[in-house]
Amino acid sequence: DYYKCGDDSDMTLMSKEFSFVTEPEDISKTSFTVAVWGDMGQGECSNGTRTQLAKKYGEYDWAWHRGDIAYQDDWLFFDKAAYEGVLDDYMASMEFITATKPYMVLPGNHEVDCHSMFCILDSTYRNALRNFTAYNARWRMPSEETGGVMNMWYSFNYGPAHFVSMDAETDFPGAYENVHDEFFLLDSGLFNPTPNAYLEWLERDLRGVNRTQRPWLIAAGHRPMYLYENATVLRAAVEDLLVKYDVDLYLSGHIHRYYLSLIHISEPTRPERIAD
């Protein structure tokens with residue numbers, strides 16, 4: 001498929017032509033590779049990851065970013081323009097992927113709000129950028145199609161796999177960003193339209209996967225459930241569900257251990273487990 005973006009009433013405002021490849025129709029024969037990473041950021045700190053993504057561009061079909069996307073909340077503490085400016089720069093730097101491949105995102109703790117002194121002292125900036133506002137405005141994930149909420153939680157299929165983008169930040173008991181951000185500076189959290197809606201959605205989504213058609217079930221959230229000092233909070237909320245519905249893999253970020261992973265699925269069926 002081919003496309004352009006802009007205002008077709010003035011061709012000088014149109015982008016150049018881009019193209020992308022959709023998922024093959026016969027999912028039983030689909031072999032694919034997904035690039036997965038988290039905690040990237042804009043600027044020199046992310047050059048290594050961006051270089052690897054460019055180098056391996058032809059090896060993966062789509063990308064999954066596990067939160068902490070641009071780190072715009074940490075830039076230029078006294079500059080009121082830095083927050084949106086860093087996001088703009090990040091989006092431009094990633095166009096080599098986002099223009100031509102699916103780029104899926106999920107929320108991390110650096111998507112929550114703006115920590116600039118202007119945001120803290122000025123209610124106009126503070127309210128405009130609080131509670132994942134910029135994150136939810138800049139991307140459009142398939143939450144409506146899968147019963148999720150905004151870009152906070154949703155799921156999607158690709159080939160013989162079902163992917164679940166989990167919210168590891170808000171809306172479960174003891175969540176890190178409920179009511180206030182974890183620094184207790186700004187209000188955040190509480191996207192649940194009804195009490196316990198997120199966890200009810202998660203179980204409903206996992207339960208609804210046809211494992212004959214899509215045998216692989218892969219979930220991701222920004223925060224890990226193990227080997228992390230506050231992991232017990234998330235683990236207590238979701239681990240039983242992931243075990244109950246036999247999730248094959250849970251991916252996370254947050255603790256800055258890896259640059260980039262390429263996950264390749266080539267088999268339409270899962271191998272038998274030797275042991276749990």
Side-chain angles (χ1 to χ4, degrees), residues 1-5 15-42 46 48-70 87 90-108 111 135-136 138-146 148 150-168 205 209 213-222 247-253 258-268 270:
D1 292 309
Y2 296 84
Y3 72 97
K4 292 183 177 182
C5 295
S15 72
K16 66 180 182 180
E17 186 175 88
F18 294 102
S19 65
F20 63 93
V21 178
T22 58
E23 176 191 16
E25 291 184 6
D26 187 354
I27 65 172
S28 66
K29 298 180 180 179
T30 299
S31 173
F32 68 91
T33 301
V34 52
V36 186
W37 73 93
D39 309 273
M40 188 169 176
Q42 171 59 17
S46 61
T49 304
R50 192 174 289 104
T51 297
Q52 289 300 311
L53 285 166
K55 181 179 179 180
K56 297 180 180 295
Y57 176 86
E59 298 181 28
Y60 55 91
D61 298 283
W62 55 279
W64 204 8
H65 195 152
R66 300 167 303 195
D68 284 8
I69 298 169
L87 278 171
Y90 177 84
M91 300 293 278
S93 73
M94 297 299 288
E95 187 180 278
F96 73 97
I97 296 176
T98 60
T100 54
K101 296 178 186 286
Y103 180 66
M104 313 303 286
V105 295
L106 55 82
E111 276 69 66
Y135 164 76
N136 279 306
R138 284 179 177 258
W139 285 276
R140 198 282 192 189
M141 297 294 107
S143 57
E144 182 178 350
E145 294 83 349
T146 56
M150 302 171 77
N151 298 328
M152 302 306 293
W153 57 84
Y154 63 92
S155 64
F156 55 97
N157 298 316
Y158 196 98
H162 182 73
F163 295 88
V164 184
S165 279
M166 295 170 53
D167 180 2
D205 187 81
V209 179
Q213 184 182 43
R214 301 188 193 278
W216 297 99
L217 181 48
I218 301 173
H222 176 62
V247 172
D248 295 292
L249 182 65
Y250 174 76
L251 301 163
S252 64
Y258 298 99
Y259 273 133
L260 170 67
S261 300
L262 295 185
I263 299 174
H264 180 68
I265 293 181
S266 59
E267 297 294 333
R270 300 159 65 222

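Values below: every heavy atom of this structure, side chains too, minus hydrogens, waters and symmetry copies. All residue numbers in this chain count up from 1 along the given sequence. Everything numeric here is computed off the predicted structure, so don't read it as measured data.
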Short side-chain to backbone donor-acceptor contact, His264 and Phe32, under 3.5 Å | yes
For Asp248 and Leu217, indicate whether the former's side chain and the latter's backbone hold a donor-acceptor pair under 3.5 Å.
-> yes
Counting N and O atoms only, with roles assigned by atom type, does the side chain of Glu59 sit under 3.5 Å from a partner on the main chain of Thr33, one being a donor and the other an acceptor?
-> no
Backbone N or O of Leu87 within a donor-acceptor pair of the Gln42 side chain at under 3.5 Å?
-> no
Show your reasoning for whether side-chain contact (heavy atoms from CB on, under 4.5 Å) applies to Thr100 and Tyr57.
-> CA-CA 10 Å; Thr100 54; Tyr57 176 86; 2.6 Å; yes
Minimal non-hydrogen separation, Lys4 against Lys16, with atom names | CG-O, 3.9 Å
With sequence neighbours left out, write down each residue that passes side chain to side chain contact (heavy atoms under 4.5 Å, CB included) with Tyr3, or none if nothing qualifies.
-> Cys5, Phe18, Phe20, Ala99
Could you give the distance from CD1 (Ile218) to NE2 (His162), rounded to the nearest 0.5 Å?
-> 10.5 Å
Which pair of non-hydrogen atoms, one from Gly221 and one from Leu106, has the smallest distance, and what is that distance?
-> C-CD1, 4.0 Å
Using 30° and 60° as the class limits, which term best fits the ring planes of Phe156 and Phe163: parallel, tilted or perpendicular?
-> parallel
Are Glu145 and Arg140 ion-paired here, with the side-chain N under 4.0 Å from a carboxylate O?
-> yes
What are the two closest non-hydrogen atoms of Ile97 and Ala63, and how far apart are they?
-> CG2-CB, 4.3 Å
Rounded to the nearest 0.5 Å, what's the gap from CE on Met166 to CG on Asp205? Could you check?
-> 10.5 Å
At what distance, to the nearest 0.5 angstrom, does NZ of Lys101 lie from OH of Tyr60?
-> 6.0 Å
On a heavy-atom basis, the closest approach of Asp61 and Pro102 is O-CD, 3.7 Å
So which heavy atom on Asp167 is nearest to which on Pro107, and how close?
-> OD1-CG, 4.0 Å
Anything under 30° is parallel, anything over 60° is perpendicular, the rest tilted; go ahead and classify Trp139 against Tyr135.
-> tilted
When rounded to the nearest 0.5 angstrom, what is the spacing between CG in Leu53 and CZ in Phe96?
-> 5.0 Å
Are the side chain of Lys56 and the backbone of Leu262 linked by a donor-acceptor contact shorter than 3.5 Å?
-> no
For the pair His222 (side chain) and Arg66 (backbone), establish whether a donor and an acceptor sit closer than 3.5 Å, ignoring hydrogens and angles.
-> yes
Separation between CD1 (Ile263) and CH2 (Trp216), nearest 0.5 Å, reads 11.0 Å
So do the side chains of Asn136 and Glu111 get within less than 4.5 Å of each other, counting heavy atoms only?
-> no
With Thr98 via side chain to side chain contact (heavy atoms under 4.5 Å, CB included) - residues at least two apart = Met94, Glu95, Tyr103
Stepwise, does the side-chain hydrogen bond (donor to acceptor under 3.5 Å, both in side chains) test hold for Ser46 with Tyr90?
-> CA-CA 10 Å; Ser46 61; Tyr90 177 84; over 6 Å; no
Looking only at side chains, do Tyr154 and Thr146 share a donor and an acceptor under 3.5 Å apart?
-> no
Tightest non-hydrogen contact, residues Pro142 and Ser155, listed as CG-O, 3.9 Å
Counting only N and O atoms by type, is there a donor-acceptor contact under 3.5 Å from the side chain of Asn151 to the main-chain atoms of Met141?
-> yes
Quick one: OG on Ser165 to CG on Leu251, what's the gap to the nearest 0.5 Å?
-> 10.0 Å
